[in-house]
Amino acid sequence: MMQKHHVDPRSADDSLSVSVYKTVIESLDPYGLVFLQSDIDSLSEYRFNIDDEIINGSDEFYLLFSSLFREASKEMISVLEGIEYSDINLSTQDTLYYSERSFPVFSSTEANRNRRYKRFIKNKILNGIFEKDSSADPIYHMSFTEANEICEKEFERVKMHEKRRLQYFENHSMGYENIMKLLYLNSISEYYDPHSMYFNPELNKWFQGKVGANTYSFGFTLEEDLNGRVKIASILPGGPAWRSNSIHIGDVLISGQWAGSEKQDFSLMSFDEVEMFLAESVNKVLSIEIRKADGKTISIDLKKEIVQEDEDIVHSYILQREHKVGLIILPSFYTDYDESANGCANDVAREIMKLKKEGIEGLILDLRFNGGGSIQEALDLAGIFIDAGPVCMVADNAEKPFSLKDRNRGTVWDGPLMIMVNAYSASASEIVSAALQDYNRALITGQKTYGKSTGQIVMPLDTNINADLSNLEINSKADAYIKLTNFKVYRISGQTHQKTGISPDIVFPDISEYETEKDEPHALPNIPVSKKSYYTPLPALPVDSIRKMYIDYQAAEQWFTDLQELEDTLKILSDYDYRLFSFEAWQKFEYEIIKIQEHFEEKLGNFECDYTVANHSYDMDLLESDEFFRISNKASIDRLKSDHEMLDAMFIIDKLIELSK
């Protein structure tokens, strides 16, 4: 199937074997604390033979690693249950080494593995007790003796979490054999690229499904990763999570607290228990704690709602500094295959019409954290801002690149336009940004994007499907499915943003480190094509002039100086090959880090952007009739008022408006 339909098929040879071998072991035992070296020695006999097994239909490697891991996990659960708090000496100094080596190091003896495991438990305890939001927290000012009771409670919490992690595969709802089979088959699909994967019928149903409309819902679905973390899997456009403008796919749920009840730690709960907890109430407000991809932890209040099919999904705001500017925040490129319903492009167009009636002079489209979605919606959205013409090119493994076009003549907005992106802007977001950048239609600001320039299809695992997919529909029922990458996307210039991302015209500073497509071990390479689409770019935007103004603006703002100082200091603190850790060492290190962050956040907290934020007149009725919309709207406006990147964006679009006159 992969060789036949993948856009860039790879040889099923020894390189496949090595890749599958490594992926399986790293997925099962990422810390090298379950398998012994003797187990790895047994598995390594298949290191160059897995491709032959796949071709011959053999499953020896699968049977061996699943049986070895099952037994080793049971052993480690026994070891864990035998560890007492007195066995973990938090005051003794240990050394933690950091290495670029991705493959785990395994112990040659049980005694050595058990010692390493106790050090691992110690690390998790110290990390847990010092993971605080304030340097004023008593833990930073206690001696080890004073903190002993807190440490012991954290030990019990870590022990419970570790037991659940070790039992993850054994207790999985799919059954041990099925989840192991899924892991094995996905290790094969990952060899071809990071976005191809195998589905059993249960997972395919989840992947194709939607969060139910017309039922009370927070507007998200959940998934569990191999470490037992509960993560956001999908977001319902227009739902409470969507409208919060703060929740995105991949966010990790840490805890939840219903109004009037105690906070629940999700790390101590199974996936089913978390889902049951979230199903407890319809009318109460839930305060949910989430860890973002950049490591930041935020708390959001949500209330379940019935999301109607005809409900406005996209909301916009009016920002004013020197000029009146419309802002549209689009978290994903959704579509509805019901022809009577709108996709995101139509919804954005409707919001633009509302904003135009408010007399806006410029428009900002915020695609930060937008991981993509429907390519057709990307074409339609680009078409809102350009006249009919090519938006991108695509190619599969058989056809030469051909253009995908916006065929609708005319534009909805032809005024000054800015698109905001960051490292989490991917796929459809990159298609729109690249096209409008090539046409000189929009100024792109922010950070370099994710770098995903491929598209996928979900299809039955059936070798009888034709290469051109002409008989795909009649094979709609199957026992298994595969999502595979079957086409590449190119800019209309012939270039590709695969792995490299899209470089903004004006870069906003950011101290966070992100993992993007280039960090994936099997990401497809960046190879442009010689073919170009015929298009007529607009006159060049005054990028150089505005960039110079922005540099001068940065030099005059204390905010940028503080940001650079913070980045330099954190780099010094975190640039090490090893780290000594004990209660006292960890306490000192984390205290230094949190003081620096507080210094930075103090400036943030005392700062309010010097632009106004308002709703357009069409949302005023909704604000009066919908209490929770009023609450979530206020939270969104408050965030906008302290969004430093939006302040930079307002400075830049003001200049763009002035230079466009």
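Worth saying up front: this structure is predicted, and the values here are computed from it rather than measured.
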Classify the angle between the aromatic ring planes of W258 and F277 as parallel (below 30°), tilted (30 to 60°) or perpendicular (above 60°).
tilted
Establish, from distance only, whether the side-chain atoms of Q37 and D41 form a donor-acceptor pair under 3.5 Å.
yes
Are side-chain heavy atoms of V252 and I290 found at a separation under 4.5 Å?
no
Salt bridge or not for E177 and K181, using N-O below 4.0 Å?
no
Applying salt bridge (charged side-chain N to carboxylate O under 4.0 Å, His left out) as the test, list every pair that has at least one member in residues 162-172; sequence neighbours left out.
R70-E170, E81-K163, K124-E162, E162-R165, R164-E224
Is there a donor-acceptor pair under 3.5 Å between the side chain of E26 and the backbone N or O of P104?
no
Kindly write out the residues that satisfy side chain to side chain donor-acceptor pair (under 3.5 Å) with H141, not counting sequence neighbours, or none if the list is empty.
none
Can you see whether Q93 engages S582 through a side-chain donor-acceptor pair at a distance of less than 3.5 angstrom?
yes
Report yes or no: do D193 and S196 form a side-chain donor-acceptor pair below 3.5 Å?
yes
Within this structure, what is the CD1-CD distance for the pair I40 and E45, rounded to the nearest 0.5 Å?
12.0 Å
Verify the neighbour count for atom NZ of K132: are there more than 12 heavy atoms of other residues, nucleotides or ligands below 6.0 Å?
yes
Validation row, ring centre Y21 to ring centre Y46 under 6.0 Å
no
Just say parallel, tilted or perpendicular for the rings of F65 and Y62, cut-offs at 30° and 60°.
perpendicular
Which class fits the ring pair H172 and Y168: parallel under 30°, tilted 30 to 60°, perpendicular over 60°?
perpendicular
Determine, using ring centers only, whether Y424 and F369 are less than 6.0 Å apart.
yes
On a heavy-atom basis, which atom in E517 and which in A523 lie closest, and how many Å separate them?
O-CB, 3.3 Å
Can we call the ring centroids of F130 and Y140 under 6.0 Å apart?
yes
Between D638 and K634, does at least one N-O distance fall below 4.0 Å, as a salt bridge requires?
yes
Ignoring hydrogens and geometry, is there a side-chain-to-backbone donor-acceptor pair from S19 to L16 under 3.5 Å?
no
Taking atom types as modelled and ignoring hydrogens, do the side chains of R368 and S425 form a donor-acceptor contact shorter than 3.5 angstrom?
no
Please report whether the ring centroid of F35 lies less than 6.0 Å from that of F69.
yes
Do S15 and R10 meet the criterion of a side-chain donor-acceptor pair at a distance under 3.5 Å?
no
Which salt bridge (charged side-chain N to carboxylate O under 4.0 Å, His left out) pairs, counting each pair once, include a residue from residues 248-270, with sequence neighbours left out?
R157-D265, D251-K292, K263-E289
Mind checking whether W586 and F581 have parallel, tilted or perpendicular rings, split at 30° and 60°?
perpendicular
Test item: Q264 side-chain N/O and Q257 main-chain N/O as donor-acceptor pair under 3.5 Å:
no
Exercise: do N148 and Y85 side chains pair donor with acceptor under 3.5 Å
yes
To check you understand the geometry: which heavy-atom pair defines the closest contact between I139 and Q587, and what is its length?
O-NE2, 2.8 Å
Exercise: do H195 and E190 side chains pair donor with acceptor under 3.5 Å:
no
Side chain of S107, backbone of T109: donor and acceptor closer than 3.5 Å?
no
Going by atom types only, do S91 and N89 share a side-chain donor-acceptor pair under 3.5 Å?
yes
